[in-house]
Amino acid sequence: MLDQFDLSPLVTPAMDWFQVNKRDLPWRRDRDPYHIWVSEIMLQQTRVEAVKPYYQGFLAALPSIADLAACPQDQLNKLWEGLGYYSRVRNMQKAAEVIMEKFGGQMPSDYDAILSLPGIGPYTAGAISSIAFDLPAPAVDGNVLRILARVSEDDIDIKSDLAKKRAQAALEGVMPASGSGIFNQAMMEIGATACLPNGDPLCGQCPWKKYCLANRHGSWDHLPVRSKGKPRRIEERTVFIVRNGSRVVIDRRPDRGLLAGLYEFPNVREHLSEEAALAYAEQMGYEPLRIRRLEEARHIFSHVEWRMIGYEIRVSDAELAKEMVENVPADKISWPVDIGEISRKYAIPSAFAAYAKAIQLERGPKREDRVMGL
DNA sequence: AACGCGGGGAC
DNA sequence: GTCCCAGCGTT
């Protein structure tokens, strides 16, 4: 168990190992608090490889906290398009506003002040405090919980609040007076590159091998213990590509809930026949000319699965839609937008990627390899 | 304490 | 298919 395990001998080996074995990552090039902050928010529940294409572009577009605070919401979502958990970037902007108003535009160098900011919880507050300001605060993430469960052979449910509280307390007792950011990153690096979350751990390259009870007893196979989540529900949807030439109809999702404030192709919650789809288009205020069935698609969120069918409906005059907003179902407003303008301005979540592809719509961050045409 | 919230890579 | 990722906010 963790509370009967002495972590103090593990600190120096972890830090020494990290200096030699750390990966070269874009957010390790400097210790600017804003840069560290952006990277830590992006990395919440998100793999390093997924963050890489976004990090530089985000900071190039918004080089300072003041820029973030002043950024229009659509541009903000566009910079985050495809990264997921979009409330992260909304909260980050709220925090930027607080920093502008209360902290003179500078990230505060105080753990409790950092923790008070929207979108910053115990983990992120510890990461920013230690990496940017060398404050001795732990940063307990999934990696840290896993390696601590294994090294101390603790079978507590690492998803529980108690496990996080105990890990936090145990680490507070051994934080180095200087180099806390190195120590925190070292533990995460051990978890990410040696004490792997799936598949067999690479104990041969772990600096904690000789201290690790799971390694000594061969119990790593059933550690850590992690309770199961709720099974996801299934939703059927029909997606409409309503278009006239290069103009396609999109709508904006509600400000709360799943994919809040992002844009999408009009869709309904059941599978519609071709006849019903045509009726729906007419109800939206369009005059259908042709209809074509698109490929089926499936998108898995953490808590729901969409099983989608789609129709491309060519209409005679998409301009009319601007006058027909009252006919649009629910609280959504839809309107026709040029495809090129969608890719420049409007964030369309990955769930619609199959249908975005049907109109050759570019989504997601501009990557170097795509810019170079490779 | 449980749930909502994205997307994708590794197995 | 399952698991889980440099988690947080709400209820």
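Residue numbering restarts at 1 for every chain, and letters A, B, ... go by the order of the sequence lines. FYI, side chains are in, hydrogens and waters are out, and symmetry mates aren't considered; it's all heavy atoms of this structure. Because the structure is a prediction, the values reported are computed rather than measured.
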Using a cut-off of strictly less than 4.0 Å, decide whether [X] has a side-chain nitrogen or oxygen near OP1 or OP2 of [N].
{"X": "N198(A)", "N": "dC3(C)", "value": "no"}
{"X": "H303(A)", "N": "dC5(B)", "value": "yes"}
{"X": "Q45(A)", "N": "dG7(C)", "value": "yes"}
{"X": "K228(A)", "N": "dC3(C)", "value": "yes"}
{"X": "R256(A)", "N": "dT10(C)", "value": "no"}
{"X": "H299(A)", "N": "dG7(B)", "value": "yes"}
{"X": "K230(A)", "N": "dG4(B)", "value": "yes"}
{"X": "T124(A)", "N": "dC8(C)", "value": "yes"}
{"X": "R298(A)", "N": "dG1(C)", "value": "yes"}
{"X": "S87(A)", "N": "dG9(C)", "value": "no"}
{"X": "Y86(A)", "N": "dG7(B)", "value": "yes"}

I want to confirm an ordering. Mapping S350(A) and L196(A) to their closest nucleotides on DNA chain B, which one lands closer to the 5' end? S350(A)
Map A50(A) and D161(A) onto DNA chain B by nearest heavy atom, then report which one ends up closer to the 5' terminus.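 Closest to the 5' end, via its nearest nucleotide, is D161(A).
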5' priority, DNA chain C, between A192(A) and I120(A) [closest heavy atom]: A192(A)
If you assign I300(A) and R28(A) each to the DNA chain C nucleotide with the nearest heavy atom, which residue ends up on the more 5' nucleotide?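 By nearest-heavy-atom nucleotide position, the 5'-most residue is I300(A).
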Candidate nucleotides dC5(C), dG9(C), dG7(C), ranked by approach to the side chain of Q44(A) - the nearest: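 Taking heavy atoms from C-beta onward, the closest nucleotide is dG7(C).
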Would you mind telling me which of dA6(C), dG7(B), dG7(C) lies closest to the side-chain atoms of Y85(A)? dG7(C)
Taking R363(A) for its side chain and E81(A) for its backbone only, find out whether a donor-acceptor pair lies under 3.5 Å. no
For R298(A), is there any backbone N or O sitting under 3.5 Å from a side-chain donor or acceptor partner on E305(A)? no
Taking the six-membered ring for Trp, are Y85(A) and W80(A) ring centroids under 6.0 Å apart?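 No, they do not, as the ring centres are separated by 6.0 Å or more.
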Reckon [X] touches a base, only the sugar-phosphate, or nothing at all at heavy-atom distances under 4.0 Å?
{"X": "V144(A)", "value": "nothing"}
{"X": "G82(A)", "value": "sugar-phosphate"}
{"X": "L25(A)", "value": "base"}
{"X": "Y123(A)", "value": "base"}
{"X": "W306(A)", "value": "nothing"}
{"X": "G257(A)", "value": "sugar-phosphate"}

For nucleotides dA6(C) and dG4(B), find the distance between their P atoms and express it as a whole number of Å. 24 Å
What's the gap between dG8(B) and dC8(C) when it is taken at their P atoms, as a whole Å value? 22 Å
Is [X] salt-bridged to [Y], going by a charged N under 4.0 Å from an acidic O?
{"X": "E312(A)", "Y": "R243(A)", "answer": "yes"}
{"X": "K22(A)", "Y": "E189(A)", "answer": "no"}
{"X": "K52(A)", "Y": "E49(A)", "answer": "yes"}

Name the residue from L25(A), T124(A), V51(A), V38(A) that meets the side chain to side chain contact (heavy atoms under 4.5 Å, CB included) definition with L43(A).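 Testing each of L25(A), T124(A), V51(A), V38(A) against L43(A), the sole residue satisfying side chain to side chain contact (heavy atoms under 4.5 Å, CB included) is V51(A).
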Whole Å only: how far is the [atom1] atom of [X] from the [atom2] atom of [N]?
{"X": "R88(A)", "N": "dG9(C)", "atom1": "CZ", "atom2": "P", "result": "13 Å"}
{"X": "R363(A)", "N": "dG6(B)", "atom1": "CZ", "atom2": "P", "result": "13 Å"}
{"X": "R47(A)", "N": "dA6(C)", "atom1": "CZ", "atom2": "P", "result": "7 Å"}
{"X": "D141(A)", "N": "dC5(C)", "atom1": "CG", "atom2": "P", "result": "8 Å"}
{"X": "E49(A)", "N": "dA6(C)", "atom1": "CD", "atom2": "P", "result": "11 Å"}
{"X": "I114(A)", "N": "dC8(C)", "atom1": "CD1", "atom2": "P", "result": "13 Å"}
{"X": "R146(A)", "N": "dA6(C)", "atom1": "CZ", "atom2": "P", "result": "7 Å"}
{"X": "I41(A)", "N": "dG7(C)", "atom1": "CD1", "atom2": "P", "result": "11 Å"}

Please find the pair of heavy atoms, one from F265(A) and one from Y355(A), that lie closest to each other, and give the distance.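 In this case the closest contact between F265(A) and Y355(A) is CE1-C, 4.0 Å.
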Between the base of dC4(C) and the side chain of R226(A), is there a donor and acceptor pair under 3.5 angstrom? no
